[in-house]
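What's counted below: heavy atoms across the whole structure, side chains too, no hydrogens, waters or symmetry copies. First the proteins, then the strands, lettered A, B, ... as listed; each starts at 1.
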Amino acid sequence: MPRFDHQAAEARWQAIWAERQCFVARDDSPKPKSYVLEMFPYPSGRVHMGHVRNYTMGDVVARTRRAQGFEVLHPMGWDAFGMPAENAAIEKGVHPGAWTRANIAAMRAQLQRIGFAFDWSRELATCEPDYYGQEQALFLDLLAAGLVYRKDAAVNWDPVDMTVLANEQVIDGRGWRSGALVERRKLSQWFLKITDFADDLVEGLAGLHEWPEKVRLMQENWIGRSTGLRFTFQITDGGSFDVFTTRPDTLFGASFAAIAADHPIAARCAENNAALAAFIEECRTGGTAAAEIETQEKRGFDTGLSVVHPLDPALLLPVFVANFVLMDYGTGALFGCPAHDQRDLDFARRYQLPVPRVVAPAGDEQAAIGTEAYTGSGLMVNSRWLDGMSAADARAAVIARAEAEGWGEAVTQYRLRDWGVSRQRYWGTPIPIVHCDNCGAVPVPRAELPVILPEDVTLDLPGNPLDRHPTWKHVPCPSCGKPARRETDTLDTFTNSSWYFIRFASAPADRPFDPAVAAAWLPVDQYIGGVEHAILHLLYARFWTRALQRIGHLDVAEPFAGLFTQGMVTHETYSRAQGEGAAPLWFAPEDIDRTADGATLKADGGAVDVGRVIKMSKSKKNVVDPDHILGRYGADAVRWFMLSDSPPERDLAWSESGIDGAWRFIQRVWRLAEEQVAATDGADDAKVDRAVHRTIAAMTTDIDRLQFNKAVARLYELVAALERAPSGPSRRAGVVTLLQLVAPMAPHLAEEAWALLGHDGLVCDAAWPQADPALLVDDEVTIAVQVNGKLKGNFTAAKGSDTAALEGMALALANVQRSLDGAAPRKIIVVPDRLVNIVA
RNA sequence: GUGGGCGUGGCGGAACCGGUAGACGCAGCGGACUUAAAAUCCGCUUUCCCAUGGAAGUGCGGGUUCGAGUCCCGCCGCCCGCACCA
């Protein structure tokens, strides 16, 4: 029996789709628009299974919506700036640009081979001047609008490589490449005012109904909005400092004040106090790793200062420098209320400070605080004029008093910090600024954009290649004309991905985008990508879009109306222990023979250990390369498997038997089509019609909800039904419908079979089948019969049979009679068309 | 610690709004075709029992209900995020 020849079919249909520009999105189309987007890849060099899964899901949505009559924008591009290119340059001696562009070419070919319905005419790469030049223009617009500023900030500095390191490049306090102890250096850097949008970004989440709840919560927590009171402590011998609290109600419970080790007052006190200086130094070297914080004791050092309690000048509180106070949250200082805050309590017990209770549950006013702080609600006690109020009322009362008396005010505090975008790196968007000794930081004039990244650089020396380039940075000041220097920092790569979806929608040569065209496509209707971008990328893109809206560039508030985060592709691991203390030796799947109860190494036939199913990673060698698989099984089988079995938000375990099963399905559909060509005529078959239309209805819903695994199961059922169906018009119509339903998932097979059945046009151009409501209802239903809730049998009845008839039929069942054993039923519950439950 | 998610056969997973638990796939077992194999097709496949029938069963213990995988309370376990956030 001839098999479906995937290689010939893939080449044929991919060429036809390209030639007829099937997937080119038209801005001026009269159809309703739909924007389907997958997170664009970093061009690492190879497409991996995670990409294939991600883009297959997007492709199914895009192809389905297109068949449903939408003008679909489904673009693809390259997030092409970033450190791996620089690392490759150093390791392999190639230029980052050459390496990146070669990778893009290779990966584009791989993606095209899988038959994704991308509009390649809109392809972009962020490392090309036509993209990053427009990004520079947007940066200057934000600067002009006051949303960009410059300030000193600490970076990780590698003194050997003379470079700034990202946090992930610092391992145990040392540079990952040089091994040198990393220093904290203050550099003047550019910041984007994302905190200006903190409220908008929190409140906007409420409208994102088609986002996972989890991602919205993560963003909300990341922004970390809290409301409370900021007030000033007067120091008894002069000076003052501010503290922030969310619990102003507990102010009478204060027994100390604490400031961060980096607080300016701590530094001043340490000037003539060597012991304090030593303590501050100790705090700084303390680890911030989770495990350390967990076990680290609350420690402090008494500065000798005392501050006046704002509600009673007679009360004085000691001031400590404490290791648990963070300089970069709130004001870097707090008041300690041990009875109602666990950290404060731990601290107070260690330094024998008083622990006055000020909030108590009713009837429990005198209960002493032990080792656990009371953080629940209750009524105020030991708090003078607040006594008897609820804690919530007391909160408002204290704030009102502070504001009336002028020593404090209600404030909203955020965990979110402004976004530092300066990177002391070569392979990124040059920041379009010139530094002049006379004029300061001067924007590059628009006419001189783009500021092009020089290609003639060397990366094999320590330091920033832009900084040591012989000519690049030396330019006249745009303002006064005197010799000046270009900014040699580049923008964080997250800026590249913060607006690429806008550039896909509209990419004029002379400006970043056309507002009307972009707004017609945006927001993205369905965005699909990994959950690892739940916070940073998605938050930055939301911020960037709102910032563009504020400065009048684009009338869109939220860039992504629908978000879906897909699971990873995983695989078993194969290893052999290498003896005591040694790391195990890992083996790649292609070197393994897998049987039902174990695995052996092909090379020597010996057994290997089958380990956990985990994310594909080079270090564990459990990686399956799409290229080999595509060659062997074909794009459609791979796509089919990517959608099968696991729900898309969960991990998908790659397995040989799984892809075998997908391949079998492709062949089954092909055979069905071939048999149909030769089929003789027959009669209509209502059962077949019903099965087909039920599948249309169910599968359309499944795809709409991105439940691809369920859609796959329905198609298996339909194929099985059609294989059993007698030949005739019903079967023929069913096979045709099947091809349309299968087309978004296995498009090459569908086109090939569509043509085989004599269609002139393309299946991808055919309108999505509509379910006939009349065929969705059965005229007979199966009624389940229970006695006391236990299933005893069932019978078929006409749909819509009345209650009395159903009761009678249920009672007539032999099993029911036996269960009742002659007793009369006490009660009978009938659920029409579903079941009868007899209560005995 | 804290926020969230999840727990269903040998495995991945279905089960609308509380109404026949285990769809569909994988693996396995049996059979057909074949000289044989591959491919394909058909059947079986939650567990247990005194087996033409019956009982139990969705992490554990309670509860609500005629009826609970689904709702409520209390546990246990796993996964993910954040983490000294005042």
Side-chain angles (χ1 to χ4, degrees), chain A residues 1 3 212-222 224-226 228-229 243-247 250 258 260 286 288-294 296-298 322-326 328-337 340-344 346-347 413-416 531-532 534-535 595-597 613 640-641 644-647 649-653 655-662 664-665 667-668 671 698 701 707 709-717 719-720 723 782-794 815 818 825-831 833-840:
Chain A
M1 181 167 305
R3 290 186 191 170
E213 180 65 20
K214 175 184 170 161
V215 174
R216 289 189 295 179
L217 273 164
M218 282 165 74
Q219 292 219 347
E220 193 175 331
N221 294 338
W222 186 262
R225 179 162 69 176
S226 55
L229 171 71
V243 299
F244 171 71
T245 178
T246 54
R247 294 294 304 275
T250 64
T288 50
E292 291 181 60
I293 289 165
E294 191 96 353
Q296 200 169 26
E297 282 184 274
K298 306 287 171 275
N323 65 349
F324 66 91
V325 182
L326 305 173
D328 56 5
Y329 182 78
T331 61
L334 54 83
F335 83 81
C337 177
H340 306 292
D341 181 287
Q342 191 60 45
R343 287 159 311 170
D344 295 350
D346 294 346
F347 188 84
Q413 191 68 45
Y414 302 93
R415 211 185 76 104
L416 183 69
V531 72
E532 67 274 19
I535 297 176
T595 61
D597 38 38
V613 178
W640 185 258
F641 181 46
S644 307
D645 291 352
S646 288
E649 68 277 11
R650 289 201 213 166
D651 290 351
L652 172 73
S655 70
E656 190 88 2
S657 51
I659 183 69
D660 280 341
R664 275 199 295 273
F665 176 79
Q667 298 302 331
R668 257 174 98 183
R671 202 160 47 240
T701 307
Q707 296 178 327
N709 57 321
K710 287 167 67 177
V712 161
R714 312 235 192 242
L715 290 177
Y716 271 110
E717 286 175 314
V719 167
E723 284 169 342
T782 304
I783 305 292
V785 182
Q786 300 177 332
V787 173
N788 292 333
K790 301 264 183 233
L791 185 70
K792 291 295 168 187
N794 58 52
N815 258 352
R818 199 177 322 134
R826 287 198 291 149
K827 191 177 171 187
I828 301 181
I829 286 143
V830 177
V831 182
D833 294 337
R834 285 217 80 119
L835 66 68
V836 178
N837 186 18
I838 296 155
V839 186

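Proximity of A/Arg3 to the phosphate of B/A39: no side-chain N or O atom is located under 4.0 Å from OP1 or OP2. The phosphate of B/A83 (OP1 or OP2) has a side-chain N or O of A/Arg415 nearer than 4.0 angstrom. In this model, the phosphate group of B/C24 is not approached by any side-chain N or O of A/Asn709 to a distance below 4.0 Å at OP1 or OP2. Contact between the side-chain N/O atoms of A/Arg650 and the OP1/OP2 oxygens of B/G5 is not found at any separation under 4.0 Å. One finds no side-chain N or O of A/Lys710 lying less than 4.0 angstrom from the OP1 or OP2 phosphate oxygen of B/G12. At B/U40, none of the side-chain N or O atoms of A/Arg668 fall inside 4.0 Å of OP1 or OP2 (strictly under the cut-off). Close to B/G54, at under 4.0 Å from its OP1 or OP2, lies a side-chain N or O of A/Asn815.
Across all strands shown, A/Asp833 has no heavy atoms under 4.0 Å from either base or sugar-phosphate atoms. Among the atoms of the strands shown, none is found under 4.0 Å from any heavy atom of A/Ser644. Looking at heavy-atom distances under 4.0 Å, A/Gly661 makes contact with sugar-phosphate atoms alone, never a base. Across all strands shown, A/Thr782 has heavy atoms under 4.0 Å from base atoms, whether or not it also approaches the sugar-phosphate. Using a 4.0 Å heavy-atom criterion, one finds that A/Val325 contacts the bases of the nucleic acid, with or without backbone contacts as well. Base contact: A/Asn794 has a heavy atom under 4.0 Å from a base atom. If you check every strand for non-hydrogen atoms under 4.0 Å, A/Glu717 touches sugar and phosphate atoms only. Within the nucleic acid shown, A/Val839 comes within 4.0 Å of sugar-phosphate atoms alone, with no base atom in reach, counting heavy atoms only. Residue-level contact check: A/Asn323 touches the bases, meaning some heavy atom is under 4.0 Å from a base atom. Using a 4.0 Å heavy-atom distance criterion, A/Arg664 is classed as a sugar-phosphate-only contact. Within 4.0 Å of A/Arg826, counting heavy atoms only, lies no atom of the nucleic acid at all. Residue A/Phe244 is in base contact, counting any heavy-atom pair closer than 4.0 Å across all strands shown.
Both A/Ser646 and A/Ile829 lie close to RNA chain B; mapped to their nearest nucleotides by heavy-atom distance, the more 5′-ward contact belongs to A/Ser646. Mapping A/Leu326 and A/Gln707 onto RNA chain B by nearest heavy atom places A/Gln707 at the nucleotide closer to the 5' end.
Pair assignment for B/A55: B/U47, on the basis of Watson-Crick or G-U wobble contacts that are both within less than 3.5 Å. For B/U40, the paired base is B/A32 (Watson-Crick or G-U wobble, both distances below 3.5 Å). Pairing of B/U2, defined by two Watson-Crick or G-U wobble distances under 3.5 Å, is identified with B/G81.
Annotated as anti: B/C42, whose glycosidic dihedral deviates from 0 by more than 90°.
At whole-Å resolution of the value, CD in A/Gln342 and C1' in B/A83 are 16 Å apart. Distance A/Lys792 NZ to B/A56 C1': 12 Å, rounded to the nearest Å. A straight line from CD of A/Gln667 to P of B/C41 spans 11 Å, rounded to a whole angstrom.
Here the straight-line distance linking atom CZ of A/Arg671 with atom CZ of A/Arg3 works out to 10.0 Å at 0.5 Å rounding. With values rounded to the nearest 0.5 angstrom, A/Phe347 atom CZ is found 5.5 Å from A/Phe324 atom CZ.
Between the side chain of A/Lys298 and the base of B/C84 there is at least one donor-acceptor pair of N/O atoms closer than 3.5 Å.
At a threshold of 4.5 Å between non-hydrogen side-chain atoms, the residues A/Asn709 and A/Asp645 do not count as touching.
Between A/Phe244 and A/Tyr329, the ring planes lie perpendicular to each other; the angle is over 60°, past the 30° to 60° tilted range.
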